[in-house]
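For reference, the structure discussed in these notes is given below.
Every chain is numbered from 1 and lettered A, B, ... according to where its sequence line falls, protein lines coming before strand lines.
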4 protein chains.
Amino acid sequence: MRLDATAQGVYPIAVTPFHPDGRVDTASVDRMTDFYVGCGATGLTILGIMGEAPKLDMEEALGITKQVVNRTKVPVIVGVSAPGFAAMRSLARSAMDLGAAGVMIAPPPSLRTDDQITTYYAQAVEAIGTDIPFVIQDYPLTLTVVMTPKVIRQIVQDHASCVMLKHEDWPGLEKISTLRGFQKDGSMKPISILCGNGGLFLDFEMERGADGAMTGYAFPDMLVDVVRLQLDGKRDTAHDLFDAHLPLIRYEQQQGVGLAVRKYVLQKRGAIASDTQRKPGPVLSAKAKTEVDYLLSRIARTDQRAKL
Amino acid sequence: MRLDATAQGVYPIAVTPFHPDGRVDTASVDRMTDFYVGCGATGLTILGIMGEAPKLDMEEALGITKQVVNRTKVPVIVGVSAPGFAAMRSLARSAMDLGAAGVMIAPPPSLRTDDQITTYYAQAVEAIGTDIPFVIQDYPLTLTVVMTPKVIRQIVQDHASCVMLKHEDWPGLEKISTLRGFQKDGSMKPISILCGNGGLFLDFEMERGADGAMTGYAFPDMLVDVVRLQLDGKRDTAHDLFDAHLPLIRYEQQQGVGLAVRKYVLQKRGAIASDTQRKPGPVLSAKAKTEVDYLLSRIARTDQRAKL
Amino acid sequence: MRLDATAQGVYPIAVTPFHPDGRVDTASVDRMTDFYVGCGATGLTILGIMGEAPKLDMEEALGITKQVVNRTKVPVIVGVSAPGFAAMRSLARSAMDLGAAGVMIAPPPSLRTDDQITTYYAQAVEAIGTDIPFVIQDYPLTLTVVMTPKVIRQIVQDHASCVMLKHEDWPGLEKISTLRGFQKDGSMKPISILCGNGGLFLDFEMERGADGAMTGYAFPDMLVDVVRLQLDGKRDTAHDLFDAHLPLIRYEQQQGVGLAVRKYVLQKRGAIASDTQRKPGPVLSAKAKTEVDYLLSRIARTDQRAKL
Amino acid sequence: MRLDATAQGVYPIAVTPFHPDGRVDTASVDRMTDFYVGCGATGLTILGIMGEAPKLDMEEALGITKQVVNRTKVPVIVGVSAPGFAAMRSLARSAMDLGAAGVMIAPPPSLRTDDQITTYYAQAVEAIGTDIPFVIQDYPLTLTVVMTPKVIRQIVQDHASCVMLKHEDWPGLEKISTLRGFQKDGSMKPISILCGNGGLFLDFEMERGADGAMTGYAFPDMLVDVVRLQLDGKRDTAHDLFDAHLPLIRYEQQQGVGLAVRKYVLQKRGAIASDTQRKPGPVLSAKAKTEVDYLLSRIARTDQRAKL
C-alpha cells in the first residue's frame, strides 16, 4: 500500500521503546503497534524526531521498521531525514522494500532562502527516487527553516510523489487556509495535511481544513475522536473533548520534557514496558510525575481512558 | 516606591495602545492603566517586547512611562533592554526619575557562554547604576540565550540591586524548584519570581514556588484569582478557573498572532480603543476573530468576565 | 548632494572615536573625517555596525552626524538600522535634514523567507519616505539573513530610492557577477555596488564588477589605490599592493578583535586620539599589539604608509 | 598506534574523492593518502566536515577508513560526530578496530550552556568507551557552539582519553595562550593543539603555542614547512612562505566554495582524479577557476609547488 493524498485520520508519531539499559525493547514494539492501531490510528509514523530516530543506528532503525510493518496492516510512514543524501536514499529504499507506505523528509536547519528549500527537496527526490511517496515536514520551531505557503506549493507541484504535509508551523492556522485556497483555485494539486505540534491546535486545525493529526500525544484515541467529531460537524462536542485534555497536551509541550511525559503516560497505559529514553534525554522528576498524575486524574473526570 | 524581592501578585505586561493611524493613543494609555489596576494588578510592566517597545522612539517611550507612572500608585517596571549601554542607561535613569519602581533587562541574542551572560549583566549594572532595582528576563524561546539556574544565582549574588526574575524559560518548572532550593540552602538571596510565557504554565508554576505572573494575557483578573487561590491552597479551584481559560491562553501562544489576539480582546473588554499594532505586525484574519469569539463564548459559560 | 547609483570609489566605514572614559571624542571626529578624505575617500559611512552605532544614544548619533556632514564635502551615508521603524524614520529624517546623502538599512536577524525580506524593505521605505536614497546592507555572516540575487533585484526594482548595495555576502563573488548580469539583461536598474567584509576579497570583487569598497580597514588609502588600479586595468599591480596588506586585513577579520585592531592602527596613524571602544568590546592584549606591529613592519617594506 | 598529547605537525583534513557520477573513487583514496604523506603529513584526519562525511553512508565511511588506515603508517583520526550516541559508538568502535589512532567529536549545534557542553562530552565518552583517544573540535563559526577555555579545560581534566584540541575558534589566538597558561599553572594536563580554519591564522597560532595544523588547505607541504620553520624559530621566513599562499588560503575561506577550490587544486596537483563533490555542493564557475589559476600562478613566483 502506497501513501497517497487521500490519507486522513490519525497517524501517531510512534515512540521507540527501550529497555531500562537502553537496548531496543522489541516486545514493546509489537505491543505499542497494537496499542496505536487499537486506538483507531489510520496509519503510523516511525523514526520521527520524537521517536528518537537520531539515537538509533541504521541496523536498529531498519529492524524497527521491519517489525512494525509486519505487525500491522495500516500504512507506515518512515522518517528518513539524514545529514546526507546517501544515508537518506539507503534508509528510504530499504524501508520501502520492507513494506513502508511512504517516507517523511524534514529540511536541514541550514536552509534559509526559498530557492535553497525547493532545491533541497528536488535533490532529495532525485536521491530517493521519484517512485517513493513522501511527506514534507514543516516544523520551523525546531528546525528553524521557514517555508511559505508558496514554497510548499512549489514543492508539491514539482514532485508527483509529494502527497502529504506534516503541518507543524506555529502559528499555522492561516497556512492551512492558504494551502486549501491554493487547491481550490487550482494552483496546487490536492495533498493530505496532517497536523503535529503535539495536537495543541488540532481543534481549530480541523476547522481550517486539515485531514487529521500526526503527532505523539499519549491519547491517540482522543485525537481520533476529535478528528471524527469535527469531520461529522460536531464542533462543540469536539472542543469539549479536546479541552478536557488540553492541560496535559499543554504540559507535554515543554520541549525535551514532552517525550518523557509521553512515555510515562504510555507506560501507564500499558503501551510500552518502560519509559526509558536514550541519552541525551531528560528524566521526569518525582514532582513532575505527580503533576502528570494530577492532570490525568482531572481528565478522568470526563474521559474514562485517563483513569490509570 | 522601589521594587524589591518581596513583590508578588500579577504585573501585567502592558500593551502600547495605538490609534488606527499608528500614533500612540494617550487616552487609551490612561484607560488601560486603570483597567489593569482595576483587575487587581499589584504592579505594571511597560515597554516590554509584547508592549511593542522596539517600535517606539525614545520620546514616545518616555512619554508613556511618565503617563503610566503618574496615573497609578502600583509599582511600574520599565523594560530598558537596548542594543547598547548608552541607550539603556539613558532610558533607565530617565524612567527612574519619572517615578518607575525598577527596570527589566533582557540579554542580547548574541550571548552564548555562562561567562558572557554574567559579564553582560555586570556591565549593564555598571551602566545604569547600582541604585536601580532590576529584573532579569529569562526568555530563551525568543532571545535564544540559555541561562542555567547557576548563572541566574551568580547574577543575583553579584548584584544587590537584582530583585526579581521574570521567568519564561520553557520548560521551566524544574528551574523554579532549583532556584527556590538555592534560597533554602542559603546559596542565593531571596528574589521575587514572576512568570511569563503568556501564563501557559502558571497553574503549576505557583505550586513550584513562583510569586505570581508577569505576562500580558488579556484577562489579568483571572491570573490574579489563580495566584490568590494557589497562595490560599485552593488547588482544584485554581486549576478549574485556569483550565477554563487555557484554550484561549493557548491560542494566544501563536507567536506573532499572540499580540493581535491580546489587543483584540482588550479592545472588546474596553481597555483600549483600537487593537492596532505598529508595523511590522500581523493582522488578525476575520476567521481568526471568529475563533477568538468562539473561545470567549466558551469561557463565558463559567466566567462571566468573558461575556463580551 | 543625494547619493545615486553612480557612486564609486571608497566609502570608509568610519569608527566612532571615544575618550578613554567613554565619552565621544569630538575633536577626533573632525580629525578622523579629515583623515579619511585625505586618504582619497569619495564618501563616508557613519553609524555602521563597526562604528559602534548601537552603543550611542540618539543625541550622540545625531551630534556625530551633524559634525561629520559639516566637516566634509564628500557624501555621507548614515546607518539607520533600528529595532523599529519609528526610531529608523526619526534617525533617517534627522540625518537627511542635517545634510546626509543617504541612509543604509540592514535587515533584522529575524527575517527568513524571501517575502519577509522584501516586505521588510517595503515597510522601511514607507517609514523613512520614498525621497531618501538608501543602501541595502547584505551581510549574512553577522545578520544571519540570506538574500538571493533575485531578492536584491526585487528590492531594487520595487524602490526608485534604492541606489546602492553594500555587498558583504560571503562568498559573494558570483553574486556580483549575477547582479551585473541582471543589469545587462535589463531586468534590474543599475546600482552602485560597494564591498565590505573588511576588504578581504576586494581584489577580485573589483574584477567581478564592483564599484569600490565600503569598509573600515585602517588603510583606506590602500583601498583607494586598489580600486583605481583595477579600474585602470592594472591587475597585477593591484594584486601586489593588495597582497602586501592581506596579512593585516586577514588579522582584522577576527570578529570582535577586528575593531580593536582597526582603532589601534588608526590611532598610530594619527586619525584618532585614543583606540578606546565602548563596552562591551574586547581589549587588544599586549601580545596582539606586538603581532599587529609586526604585520605593520612587514607591510612597510613595500608600502611606506605602514611605517608608523 | 594510539593518538596521544604529544602529537604535532600537520594532520590534513582529507577530502573524500568521488567519481564524476558520485561514487567513491577508491583508486583516488590511495593516491590521496600517498600524496598527503608525501607532503610530510605527520597524521591524517578523515571523515571530517570538509571530508563530506555526512554525505557518506556507514558502509562507505568504514570502507574509506579501512583503506586509508591500511595504506599508511601515520596515525589516522576519524571524525565520528553523529546525531546520536548509538551511531557515534558504532562508528568509533569500528574505526578503532580497523586501526584508527583516535576519533574526533564535534558538539551538536543545539548546545548552549557550559554544563550542556561538558555533559555532552561526558555522555559521548561513556558511549564510545574511555579507551579511545579523542579530539575536541572547537569550531563555533560553523557549529554555533561556543566553548570557553574553562569549558575546554573541564573536558580535558574530566577525561584521560581527551588528548587533542582541534582549534578553530575565531578569533582564537588568545584562546591558545590561555590554554597553554592553564598547562603552565598546572590546572590542565598537556594536550596537543592543532589548528583549523583553513590555516588562515597558522602563522601566529604557532607563535602562541600551537603544535601544528589540522586543516585541508591544498598545499599541506607548505603548512608542514611553516610549522617546522616556526618550531625552529625562523619567524620571518615562516611568514614569507605563509604570506605567499595567503591570497589562496583566503580565497578558500569562502564558505561552501572552499571545498570546491580545494578539490580543484588537489586535482591539478594529481592527488585525486576528479574534483567532484556529492550534492548538495557548489560547483566552481569558469570565472572562479581562472581566479584560482591566477592565484596559483602568483604563488608559483616564489613557490615552485604551485606551478601546475
Kindly compute the distance separating CE (A:M58) from CD (D:E59), expressed to the nearest 0.5 Å.
->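 Between atom CE of A:M58 and atom CD of D:E59 there are 10.0 Å.
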Which residue pairs pass the side-chain hydrogen bond (donor to acceptor under 3.5 Å, both in side chains) test when at least one of the two sits in residues 78-100 of chain A, sequence neighbours left out?
->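 side-chain hydrogen bond (donor to acceptor under 3.5 Å, both in side chains) check on residues 78-100 of chain A returns A:R93-A:D131.
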Counting a contact as any heavy-atom pair under 4.5 Å apart, which residues of [range] contact chain D?
| range | value |
| --- | --- |
| residues 278-288 of chain A | A:R278, A:K279, A:P280 |
| residues 152-161 of chain A | none |
| residues 108-128 of chain A | A:Q123, A:E126 |

Given the options A:A82, A:A53, A:A87, A:P54, which has more heavy-atom pairs under 4.5 Å with chain D than any of the others?
->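 The option with the most such pairs is A:P54.
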Proximity breakdown for D:E60 and chain A, heavy-atom pairs closer than 4.5 Å =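 When you check distances to chain A, only side chain atoms of D:E60 fall under 4.5 Å.
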